[in-house]
Amino acid sequence: MRIDCKRVWEHISAYIDGDVDEGLRAEIDSHLETCEICSAVLDSTRNMVVLVADHRVFELPAGFSKRLHARLDKQLERAGP
Amino acid sequence: MTVSNPEFEADCIRRILAGEKHLFHDLIRPSERGIYFLLLSLLRNEAEAEDAAQETAIKVYLNLKNFRGDSQFRTWVLSIARNEGLGRLRKMGTRREDSLDAEIDDQTGDYTPAILTSWREVPSETLERKELGAILRQAIEGLPEIYRNVVLLRDIEEMDVRETAAALGVTEGAVKVRLHRARAMLQRDLAPRLKGFAPERKGLFGWGA
């Protein structure tokens, strides 16, 4: 049985994470073979997940780590855990 | 991504508690990014998030003897960060509207993706262009809080579903649902804007298609 596009979209996130069972994965795979729209939705979503994971997107403020460890040093001198 | 190393952590904690206090720097370092970005997501102010991150690290240090080892160290650290952030929001009396109404998980929303007929991949190298990073940050910052937190921990800090659920104090099911919705919202917002960043497709003779 052929599943429709809406059902594919419902599972796209889980599909990307490898979190769908074998049967559903096979159904989605076969749908994707012939559906340009769902293939493009999947590719664009996956592309976006890869891009946001890149550490260049969210960088710590300059000097963050240095300031954090300097403050910790002061605390470490004062008291133990 | 920082992979947690339970043996290193357990050894470190034991030695810190025995007096080698300086080892705390090494223990907390892999969690720094997660602490800061979780707090930034909650507080939406860089200076406040940085101060809260420092307070969190100090609280982790002072409470180290209470870490039981029944969760991952980073999960425990992030739950302390989350409490620090929520405490500050309460004090400011500014728990924002989006965080209140977004607590309801079964809200109906339109999670239809942006419909495209083709997609040309935007490679990671494109991030050298500063405006791409700005567009991605803006889109994530524009998400309601519960979705932003999950994207941040799952897709940006690359934590697994269990760790994310424990750090945010929600069920694993809620993490999956929220991540799905967040990605759909991001795809709908970003796909049309990211199209221009895809490299030109070369024609048969090397010309642009």
Side-chain angles (χ1 to χ4, degrees), chain A residues 4-21 24 28 31-32 34-81, chain B residues 1 16-17 19 21-22 24-25 28-29 32-33 36-37 40 46 50 53-54 57-58 60-65 111-122 124 126-128 132-133 136-137 139-140 151-152 154-158 161 176 179-184 186-187 190-191 194-195:
Chain A
D4 63 15
C5 296
K6 206 157 188 266
R7 188 156 147 75
V8 172
W9 301 340
E10 277 169 19
H11 294 285
I12 271 192
S13 181
Y15 180 90
I16 288 174
D17 290 337
D19 193 20
V20 289
D21 64 46
L24 181 58
I28 294 174
H31 178 99
L32 289 169
T34 52
C35 181
E36 280 180 357
I37 289 172
C38 286
S39 295
V41 169
L42 173 70
D43 290 346
S44 59
T45 306
R46 188 153 40 200
N47 195 180
M48 201 191 58
V49 171
V50 170
L51 289 174
V52 301
D54 194 293
H55 276 196
R56 282 170 291 190
V57 175
F58 281 92
E59 282 177 311
L60 286 168
F64 171 87
S65 202
K66 209 176 145 197
R67 290 189 293 276
L68 172 70
H69 289 277
R71 186 152 167 204
L72 277 174
D73 266 329
K74 278 189 204 157
Q75 181 64 44
L76 264 56
E77 280 166 26
R78 268 210 295 272
Chain B
M1 176 189 177
I16 293 163
L17 293 175
K21 296 196 270 182
H22 64 279
F24 186 73
H25 291 290
I28 201 74
R29 204 165 271 123
E32 278 174 25
R33 270 185 61 93
Y36 176 75
F37 287 115
L40 184 64
E46 287 193 9
E50 176 161 349
Q54 293 179 359
I58 289 170
V60 169
Y61 175 66
L62 293 175
N63 289 292
L64 202 55
K65 59 179 177 304
Y111 302 106
T112 309
I115 307 297
L116 313 157
T117 47
S118 67
W119 179 258
R120 277 182 295 139
E121 192 185 309
V122 179
S124 295
T126 318
L127 283 165
E128 296 300 334
L132 175 58
L136 294 169
R137 277 192 297 278
I140 292 165
V151 168
L152 192 105
R154 283 283 289 125
D155 283 346
I156 298 171
E157 282 305 300
E158 300 184 327
V161 173
K176 290 181 187 180
L179 184 64
H180 173 70
R181 290 175 182 173
R183 284 172 174 172
L186 289 174
Q187 190 270 357
L190 286 169
L194 293 189
K195 271 190 148 181

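Note that the structure is a prediction, hence the values are computed from the model and not measured.
The choice from B:Leu64, B:Asn63, B:Asp155 that makes the most heavy-atom pairs within less than 4.5 Å of chain A is B:Asp155. Each of A:Glu36, A:Lys6, A:Met48, A:His11 has some count of heavy-atom pairs under 4.5 Å with chain B, and the biggest count is that of A:Met48. Between chain A and the residues B:His22, B:Lys195, B:His25, B:Arg137, the most heavy-atom pairs under 4.5 angstrom are made by B:His25. Contact tally against chain A (heavy-atom pairs below 4.5 Å) for B:Leu132, B:Leu127, B:Ile140, B:Leu186: the top residue is B:Leu127.
A heavy-atom distance below 4.5 Å is not found between the side chains of A:Asp17 and B:Lys176. Using a 4.5 Å heavy-atom threshold, the side chains of A:Ile12 and B:Arg183 count as separate. The shortest side-chain heavy-atom distance between A:Val50 and B:Ser124 falls under the 4.5 Å cut-off. Contact of the B:Leu62 side chain with the A:Gln75 side chain is registered, since non-hydrogen atoms from C-beta on lie closer than 4.5 Å.
Looking at B:Leu152, there are no atoms closer than 4.5 Å to chain A (heavy atoms on both sides), in backbone or side chain. Residue contact with chain A, scored on non-hydrogen atoms closer than 4.5 Å, involves the side chain of B:Leu194 exclusively. Only the side chain of B:Ile28 comes within contact range of chain A, with heavy atoms under 4.5 Å apart. A:Asp73 touches chain B through backbone and side chain together, each having a heavy atom under 4.5 Å away. If you measure heavy-atom distances from B:Ile58 to chain A, the contacts under 4.5 Å come from both the backbone and the side chain. Using a 4.5 Å cut-off between heavy atoms, A:Arg46 makes no contact with chain B at all. Residue A:Thr45 touches chain B through both its backbone and its side chain, counting heavy-atom pairs closer than 4.5 Å. Of the two parts of B:Ala114, only the backbone, made up of N, CA, C and O, holds a non-hydrogen atom closer than 4.5 Å to a non-hydrogen atom of chain A.
The two residues B:His180 and A:Trp9 make their nearest non-hydrogen contact at CE1-O, 2.9 Å. Taking each heavy atom of A:Ala40 and B:Leu116 in turn, the nearest pair found is CB-O, 3.6 Å. The two residues B:Arg33 and A:Leu60 come nearest to each other via the heavy atoms CG-CD1, 3.8 Å.
Note that CZ of B:Arg29 and CG of A:Leu68 are 9.0 Å apart. Values are rounded to the nearest 0.5 Å.
Qualifying side chain to side chain contact (heavy atoms under 4.5 Å, CB included) partners for A:Asn47, counting only residues two or more places apart in sequence or in other chains: A:Leu51, B:Trp119, B:Glu121, B:Val122.
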**Message:** Apply salt bridge (Lys or Arg N to Asp or Glu O under 4.0 Å) to residues A:Arg56 and B:Glu128 and explain how you reach the verdict.
**Reply:** CA-CA 8 Å; A:Arg56 282 170 291 190; B:Glu128 296 300 334; 2.6 Å; yes
